[in-house]
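To start, the structure itself, in structure tokens.
Residue numbers start from 1 in every chain, and the chains themselves are labelled A, B, ... in the order their sequence lines are given, proteins ahead of strands. The analysis underlying the following values was restricted to heavy atoms, covering all of them including side chains, and did not include hydrogens, waters or symmetry mates.
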Amino acid sequence: MIETILGKYNYWIYIALMMIGFYAMVAKENLIKKVIGMSIFQTAVFLFYVSIAKVKGGTAPIEWHHSHLYDNPLPHTLMLTGIVVSVSTTAVALALIIRIYKAYGSIEEDRVLVLEKEGGKGE
Amino acid sequence: MSFILTFILMLIFWVLLSGHFGLILVVSAVIFSLLVAYLSHDLLLGGVGLSSLIIKSVRFIAYLPWLFWEILLANFEVIYITLHPGMKIDPEVIEFDPALKTDVGITILANSITLTPGTVTIEAGKKSGFKVHSLTKGADLTEMVTKVKWIEGEE
Amino acid sequence: MDIGTIICGVLLFIGCFFILVASVGVLRFPDFFTRIHPAGKTDTLGQACVLIGLIFYEGFDFISLKLLIIVVFLLVVNPTATYALANAAFISGVKPWKKGDKRQ
Amino acid sequence: MMFGLAALAIVVAAIMVLYRGIKGPRVYDRLLAINSMGTKTVILIALIGYMYERPHFLDIALVYALINFIGTIAFLKYRETGRLD
Amino acid sequence: MVDIIEIIYLFILIVCSVAAVRMKDLLSSTVVLGAYSLVMAIIWMDLNAVDVAFTEASVGAGITTVLIIAALSRTTRGEYVPGIEERYKTRKARRLKNGALFIVTLCTFGVLVYGTMDMPNFGDPDAPARHHVADRYIEKSHEEVYVENFVTAILASYRGYDTLGETSVIFTAGVALMMLLRRSKS
Amino acid sequence: MNIIYSPLPFMAILSSAVAVVLIALSYKRPNLREFWTIAAGVAKFCIVLSMLPEVLAGHVIEFSLLEVAPGLEIAFRADAMGMLFALTASFLWIVTSFYSIGYVRSTHEKKQTRYFMAFAGALSAAIGVAFAANMFTLFIFYEVITFCTFPLVAHKETKEAISGARRYIIYLLGTSLAFQLFAIFLTYSLAGTLDFVPGGILAGTGSKAMLTIIFILFMAGITKAAMMPFHSWLPAAMVAPTPASALLHAVAVVKAGVFTVVKVVLFIFGVDLLKELGLGTVLMYFASFTIITASIVAVKQDNLKRRLAYSTISQLSYIVFAVALLSPSGITGSALHIVIHAFGKITLFFAAGAIYVRHHKTKVSELDGIGYAMPFTMIAFTLGALSMIGVPPLGGFISKWYMFLGAIEAKHIPIIIMLAASTVLNAAYFLPIVYAAFFKKAKYGDASGGIVTGVQEAPGMMVVPLVLTSIGALALFFAPTIFLDLARIVVASVTGGG
Amino acid sequence: MNEHVIVQTISKILIPFIQLYALYVLAHGELGPGGGFQAGAIFGASIVLYVLAFGMKSAKLRFKSKVFDFLTSAGVFIFATVGVLCMIAGGAFLQYSSLPLPTKKLASGIGIYGIEIGVFITVTAVLVTIFFETAEQDDD
Amino acid sequence: MTLTEHLPILIIILPLFAAVIMPLTGVVNRSLCWYFTVVVTFLVFLIALSLVCNVMEAGRISYWLGGWKPPWGIEYVVDKVSALVLLVVSFIAFAVAIYARRSVEKEIAKSKVPLFYSVYLLFITGSMGVTITGDIFNLYVFLEITSLSLYTLIAMGPKRRALIASFNYLILGTIAGTFVLIGVGYLYMVTGTLNMADLRVLLPELYGSSAVLTAFAFFTVGLSLKLALFPLHIWLPNAYSYAPSVVSAVVAATATKVSAYVLFRILFTVFTVEFDTSVVPVTYLLIFFSSVAIIMGSVIALSQTNIKRMLAYSSIGQIGYIVLGAALTNELALTGSIIHIFNHALMKGSLFLVVGIVVYKTGIDDISGFKGLGRKMPISMAAFTLGALSMIGAPLTVGFVSKWYLAIGAINAGMWFLVPVILVSSILTAVYFWRVVEKIYFHKADEVEEIVTEYEVDGAGCACKRFEAPLTMLIPTFVLSVLCILFGIAANIPAGIASSAAKMLLGGGG
């Protein structure tokens with residue numbers, strides 16, 4: 001049991017991070033907070049992937065005359081793509097937030113919904 | 001003029017960074033240096049003559065050892081202040097106008113002031129003059145101002 | 001153990017000491033303007049020391065050149081960042097702490 | 001070992017700075033702390049490179065050295081004019 | 001030694017993320033997110049993921065923070081704090097919603113923990129992920145792709161098509177931004 | 001029994017479907033439009049008629065159009081049972097067309113094009129039901145009837161019309177989707193086919209409970225047969241223009257319903273299976289209940305069309321009841337009643353329409369003395385009513401006779417009493433009208449202007465058809481050979497050649 | 001930000017170096033860490049720095065947003081074209097070894113370099129576009 | 001290699017190229033964009049058609065990207081299922097592209113039209129990339145392209161509410177995408193491969209492992225979120241109803257279908273049927289949720305007054321059908337499910353296109369706005385009626401065919417109690433569509449006249465006359481709705497493909 005917990009410490013941290021991000025993403029009213037939560041959420045997954053790649057005593061996956069034990073390069077590659085997706089999503093989300101602010105004058109989800117019902121513009 | 005200089009500078013920088021000389025790399029080094037030079041030559045060395053550039057660079061390099069010495073000296077002072085349990089600080093804001101003419105001069109002076117412990121530039125500009133936050137009272141900056149002016153070549 | 005390693009060790013020690021002290025300063029000092037002193041430059045010096053130590057360890061090759069470039073850039077960039085920060089705070093009206101004020 | 005100890009010292013320093021970064025009280029304090037952490041990161045990356053005996057990852061440290069302050073400048077501009085353009 | 005640094009940094013990571021999420025001032029939140037990114041870069045280094053660290057460095061330091069600040073500059077900085085009355089009015093609904101979401105989060109957490117139980121240990125050299133496909137990349141990429149960086153070899157050659165997808169994603173984001181925010185000149 | 005492959009059944013359907021298009025295209029020229037209607041009616045009747053000799057000779061005409069999906073085939077088969085229905089429907093369509101033309105012209109209805117299109121569409125579908133070779137095809141046309149008749153019911157576009165139409169479609173579509181389709185699904189998955197086979201396809205395929213469920217679902221799903229719990233759409237649909245009601249109630253919709261019931265009973269389950277399950281008796285009692293109840297309700301109705309509607313409900317149940325007897329004579333009676341009731345009821349509706357057109361009367365209580373004003377109409381009405389009651393020498397007698405025989409064959413003696421009682425009830429709701437029309441004095445000084453002395457018939461376009469149909473009702477008593485033969489062929493096939 | 005002489009001066013000095021460094025990262029993706037995306041991000045950052053130091057107006061004079069619109073497309077186009085060229089040369093999509101070059105090593109190198117440049121161009125252009133569109137206030 | 005062998009990649013690359021060039025085309029000549037889009041989507045459609053033919057002839061086509069053998073490189077797989085989905089997506093894309101011209105002119109700012117087409121094509125690219133790929137990570141990448149372009153397209157809606165709809169979708173879409181990514185990670189961790197076919201070989205040994213179960217759970221939840229299975233549908237109604245008409249149509253017709261397809265892939269290709277049914281009883285859960293979706297979607301649709309929202313909720317119900325068919329895991333039901341992907345695309349496409357026409361012409365998207373339109377726009381309304389009949393599942397329409405297969409499949413699976421679910425929802429569908437149809441034909445138009453003249457561009461605008469939409473909008477709409485009938489009558493063709501596809505999926509062919 002102890003070994004399971006200690007042997008996978010990276011994974012536990014990733015789970016914790018992910019949950020923090022996930023909760024922020026769904027529960028926070030502020031839209032920018034949601035985006036921040038999203039960022040954390042996605043980074044957590046990257047951490048998970050990169051943790052898969054790690055090998056004890058391994059070295060970075062760039063050819064090197066000394067070592068013969070490399071870390072797994074594939075997850076790294078995948079996560080480069082992941083980061084790009086994350087940045088793109090963040091950018092689009094921010095653009096939407098700016099537009100929402102322009103239209104409603106608020107970036108709080110519940111306020112915006114109230115304003116939508118009332119048909120007015122806040123602040 | 002500045003284009004060529006920037007190009008050469010960039011090429012040198014590339015070589016320092018790279019240390020590889022494969023065919024593709026060398027070709028791309030040249031192309032990329034040209035590209036950067038094209039894009040940014042007026043930024044790095046906009047409107048500066050070659051001779052004054054060399055003079056200023058030499059003077060700046062000559063200025064550096066003194067600066068490092070000052071930095072080192074004053075650092076110990078900060079360490080002393082920091083670690084002293086009594087926290088012997090008495091900050092003040094000094095305002096003065098060094099009457100520097102060039103941007104580079106102002107920058108050098110401001111950053112030098114910031115680097116030498118005990119003082120941090122909090123405002124610097126041609127019009128507004130300098131405002132310096134000092135940890136202890138009575139910081140003396142005149143020597144530095146003179147030296148920077150010397151670099152600028154205004155004496 | 002060659003001489004480079006020893007010098008490196010010494011410089012690393014000094015650098016780390018500087019950095020640690022700077023951090024203590026950041027923690028201890030009473031307000032923003034005083035904190036910026038250790039954070040802005042004691043730190044810088046410490047970092048420069050560490051990197052120069054690494055240069056000595058490495059000897060002279062392209063890697064140590066790169067280290068040198070890092071040092072140079074750090075020395076150029078750090079004070080600018082410090083200045084930018086101080087200026088931002090100053091412009092938006094943060095009052096410098098005077099002796100006898102309350103800690104912030 | 002030597003690098004490891006140095007790195008640990010820097011980690012300790014980073015923790016102290018981070019405390020300031022989270023506690024505040026003002027946003028300037030936070031930014032100051034984060035900025036300071038940024039420079040520590042440069043060192044740490046370099047040291048980790050040496051610990052793994054693969055120092056040519058200094059490229060990453062160089063990135064931080066070169067562009068880490070952009071955020072600070074953006075912050076300055078935002079505080080000063082309220083806009084970034 | 002690296003492990004120790006990594007563990008410490010992992011905890012710092014959690015502290016940072018909690019702080020970033022909890023702060024009321026969005027600017028501070030952004031700043032702390034910057035710290036998060038820095039810490040993450042170190043962790044990537046510790047995990048030998050240099051390319052990822054590089055990306056994190058260039059994106060985290062140069063782009064994300066600035067973008068969020070830009071968004072703040074065009075919206076508003078503070079998180080809206082409702083007045084006492086309003087808060088009282090919506091308290092029940094909010095509690096219910098947050099409670100439900102918390103339970104959802106907890107469920108996900110449970111599933112993840114459950115899934116982690118059977119994973120190979122962290123850093124296990126015999127883990128299946130390390131073999132099968134990855135072996136070939138490490139052993140053959142120099143002969144087949146003539147590239148020293150395995151990550152680049154996979155990125156550009158073995159899975160080059162993924163990279164095309166990735167570029168398309170970025171392109172999409174660019175066009176999206178033009179669509180959403182560009183003002184027509186007329 | 002030979003099978004002849006020929007597209008004739010499909011042509012019969014197509015003829016009026018083509019008419020739909022032609023009518024739509026000539027919406028600007030009323031005369032041409034109505035010509036198409038009539039022409040299609042005649043063409044259809046001719047086609048149907050041309051198949052008659054073959055069918056009477058005991059052959060079956062089959063045509064497979066296409067396979068929608070594996071197991072789902074649109075195919076047509078003209079057999080005796082379908083022929084019965086198709087002949088009636090196609091003949092009555094011609095008559096109704098004339099009547100309709102007279103009706104809509106004299107009431108100046110709007111959207112006549114839509115009206116005629118829907119009419120033609122409904123007829124196509126009715127023939128489709130008649131000639132369907134499998135349950136799937138039948139279901140399709142069953143639904144098409146629903147959709148085509150909807151515009152007819154909602155024709156007036158008043159609130160009342162629309163709500164009536166809504167009820168109409170909810171009942172018909174809802175039940176058919178919910179129950180009938182379900183039953184079809186279950187049937188298919190049990191039997192692996194949906195073809196109508198004399199003697200049934202479900203025998204020996206599923207458990208007793210399952211088959212019972214399917215049977216109940218079918219009976220609940222075929223709402224067009226207007227069995228008692230699902231009957232209320234029919235009075236609601238009375239908001240339609242009278243020719244539409246005539247068509248709906250005498251021919252297309254309800255007959256399609258009972259026809260489907262008959263098909264399901266005889267060709268999906270089969271006589272033997274139902275006997276074995278004992279479901280025929282259940283259905284029979286159900287139908288009997290409807291007959292009696294609907295008749296009682298009909299007596300109370302003052303609105304003429306509503307009274308006719310309840311009469312229809314009761315008469316339809318005769319058909320169901322007769323087939324549920326599962327005896328040869330019963331089936332014969334059932335088949336005959338489809339035809340005979342059609343003629344009788346359409347006459348009654350035509351008469352009601354004529355009264356409405358000429359005098360704007362809709363209530364039974366207003367009809368005093370109308371027989372003198374509209375002698376032809378009311379004589380025809382009387383003939384129709386007598387046929388409904390089952391008085392000789394009218395067609396209704398024959399079918400009732402066979403039903404009695406069937407009940408005796410099936411040894412359901414209590415049922416005979418029910419039949420007698422229902423006949424009395426029939427008389428009770430029809431005869432007062434006849435009595436009032438001819439023997440009561442018209443009330444002068446009525447708010448609606450009253451009845452003016454002298455003959456005031458409806459336009460000839462309306463009177464002629466209704467007289468024709470009444471003559472038909474009469475003729476069926478004297479010359480039922482064709483239909484009787486057809487019915488015998490049906491009986492022969494479903495009872496295993498017995 | 002006219003008064004920030006220091007920031008402007010330092011930016012002037014740094015921007016060319018950052019740009020060159022970005023290109024260096026691009027070129028050395030095969031040898032060390034880095035590649036098109038990182039290079040693009042760094043290059044984009046240099047332009048962001050320019051905007052921050054000298055203002056949007058000056059930046060738009062210098063870096064036309066139309067050019068970036070063009071580059072946004074051009075990058076993906078280059079990438080895909082490399083793939084299609086491989087197809088035309090008889091291989092599968094993105095199969096560099098089929099490129100008609102003397103050695104496979106060169107073919108692979110050129111192919112990889114080509115797509116990295118494509119990625120680089122798109123990433124730079126998009127990041128700059130994103131920043132331009134996000135940061136620019138509407139003055140109405 | 002011949003051109004035919006390159007078709008699997010061309011079908012992706014072609015629209016991608018077009019999307020990339022589109023903004024530049026817009027600089028040259030804005031009106032060129034539309035022609036360009038139409039031509040490209042048509043070519044793509046042709047390619048899809050020929051792929052379908054090839055697959056039906058030769059079976060599974062595999063294309064190695066970069067020439068690398070599958071477990072090492074990325075593989076494109078065209079089999080019967082994916083070919084069918086490709087065909088659907090490309091056809092709808094083509095039809096909607098034709099339709100888009102006038103609608104886009106009206107709803108999108110002029111300077112953004114080229115960008116709009118670009119994003120539209122990216123969306124198509126992404127959808128088809130998701131469909132055709134045989135590599136789970138590549139799937140994620142293309143899923144994200146699809147999502148990002150979709151967020152943008154939705155945000156272009158004319159009302160400001162579109163922005164919130166888009167943002168909410170972005171949040172949930174990102175969660176979904178990341179869940180898929182986690183699933184990919186767990187599978188990769190325990191097997192070391194990303195290729196679907198390879199995974200299928202490697203996974204059975206590991207079925208007991210909790211990591212595999214977790215991966216499966218994340219895939220299922222993430223994809224359910226993407227395809228808006230009932231409790232996770234919250235993003236869909238707003239997204240559909242506030243998006244521009246063109247987008248509503250194309251999204252409703254393709255986006256969720258593609259997600260459903262991916263779910264099939266995960267359920268049947270990556271994992272095996274035995275896993276779905278015996279190791280984890282996920283099929284029962286899916287059956288439950290999809291049944292709830294079928295009923296709830298219809299019930300909620302019943303109470304809607306906005307026509308787009310009504311259609312959106314109806315989509316939720318229809319998605320329930322698709323998932324239900326898959327969850328029953330027998331051949332007939334799966335056939336129904338696959339064919340419903342095809343059919344629903346046709347029906348919903350045509351319905352949304354008609355709504356788009358109405359919005360284009362009158363500016364009203366409320367059900368009451370349909371009053372009396374039967375006379376004014378006979379052709380569009382005929383199309384709407386045909387679509388509605390299909391949705392109800394009247395026989396001889398495509399709707400009936402899918403329901404037939406689903407119902408028979410359900411009975412064959414011994415779950416005949418699902419048949420009432422299908423039928424009840426049919427009735428509910430009938431009720432809420434009939435409401436509209438009745439308004440179209442049997443109600444008098446009230447006060448539409450003023451708005452009509454306001455929107456009447458051609459100047460011929462006498463309100464009592466017809467004001468049918470322009471031909472570019474009318475033709476695709478009508479063609480789609482006629483196809484609803486055509487394939488309802490001649491259902492043998494799609495049913496044949498679908499049933500052999502279902503056989504293949506269940507039989508384990510990759």
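For a residue to count as touching a neighbouring chain, one of its non-hydrogen atoms must lie under 4.5 Å from one of that chain's; by this rule L148(H) touches chain E with backbone and side chain alike. Using a 4.5 Å cut-off between heavy atoms, V20(H) contacts chain E through both its backbone and its side chain. With a 4.5 Å cut-off on non-hydrogen atoms, I9(H) touches chain E through its side chain but not through its backbone. When heavy atoms are compared at a cutoff of 4.5 Å, V113(E) does not approach chain H at all. Only the side chain of D135(H) has a heavy atom closer than 4.5 Å to any heavy atom of chain E. With a 4.5 Å cut-off on non-hydrogen atoms, L115(H) touches chain E through its backbone and its side chain both. Only the side chain of L164(E) comes within contact range of chain H, judged by heavy atoms closer than 4.5 Å. Interface remark: L122(H) contributes side-chain atoms only to the contact with chain E (heavy atom separation under 4.5 Å). In this structure, the portion of I12(H) lying under 4.5 Å from any heavy atom of chain E is its side chain and not its backbone. With a 4.5 Å cut-off on non-hydrogen atoms, M189(H) touches chain E through its backbone and its side chain both. Heavy atoms of T193(H) lying under 4.5 Å from chain E belong to its backbone as well as its side chain. Neither the backbone nor the side chain of Y140(H) comes within less than 4.5 Å of any heavy atom of chain E. W68(H) touches chain E through its side chain: at least one heavy atom from C-beta onward sits under 4.5 Å away, while N, CA, C and O do not. Heavy atoms of L143(H) lying under 4.5 Å from chain E are absent altogether. Proximity to chain H (any heavy atom under 4.5 Å) is shown, for A127(E), by neither the backbone nor the side chain.
In terms of non-hydrogen atom pairs under 4.5 Å with chain E, the most contact-rich of S209(H), G66(H), G126(H), S147(H) is S209(H). With chain E as the partner, the residue from P23(H), S149(H), A211(H), S166(H) showing the most heavy-atom pairs under 4.5 Å is A211(H). Comparing L163(H), L153(H), D198(H), I182(H) by how many heavy-atom pairs each has under 4.5 Å with chain E, the most go to D198(H). Listed options P71(H), G73(H), G67(H), G208(H) were ranked by heavy-atom pairs under 4.5 angstrom with chain E; first place goes to P71(H). Ranked by heavy-atom pairs shorter than 4.5 Å toward chain E, the options N195(H), L206(H), V141(H), I74(H) are led by I74(H).
A donor-acceptor contact closer than 3.5 angstrom is absent between the side chains of S29(E) and K24(E). Residues N138(H) and D162(E) bring a donor and an acceptor atom of their side chains to less than 3.5 Å of each other.
A 4.5 Å side-chain heavy-atom check between S62(H) and Y76(H) finds every atom pair outside the cut-off. With contacts defined as side-chain heavy-atom distances shorter than 4.5 Å, the pair T133(H)/V77(H) does not qualify. Residues M40(E) and V52(E) are not in side-chain contact: their nearest non-hydrogen atoms beyond the backbone lie 4.5 Å or more apart.
For F218(H) and F179(H), the gap between ring centers is short of 6.0 Å. Taking the six-membered ring for Trp and the full ring otherwise, the centers of Y207(H) and F275(H) sit less than 6.0 Å from each other. Between H142(E) and F150(E), a ring centre-to-centre spacing not shorter than 6.0 Å is recorded. Ring-centre distance between Y117(H) and F36(H): not below the 6.0 Å cut-off.
The aromatic rings of F142(H) and Y161(E) sit parallel to each other, their planes meeting at less than 30°, with 60° as the upper class boundary.
Nearest heavy atoms, P15(H) versus L121(H): O-CB, 4.0 Å.
Ion pairing between a basic and an acidic side chain is recognised when a charged N comes within 4.0 Å of a carboxylate O; E144(E) and R136(E) show such pairing.
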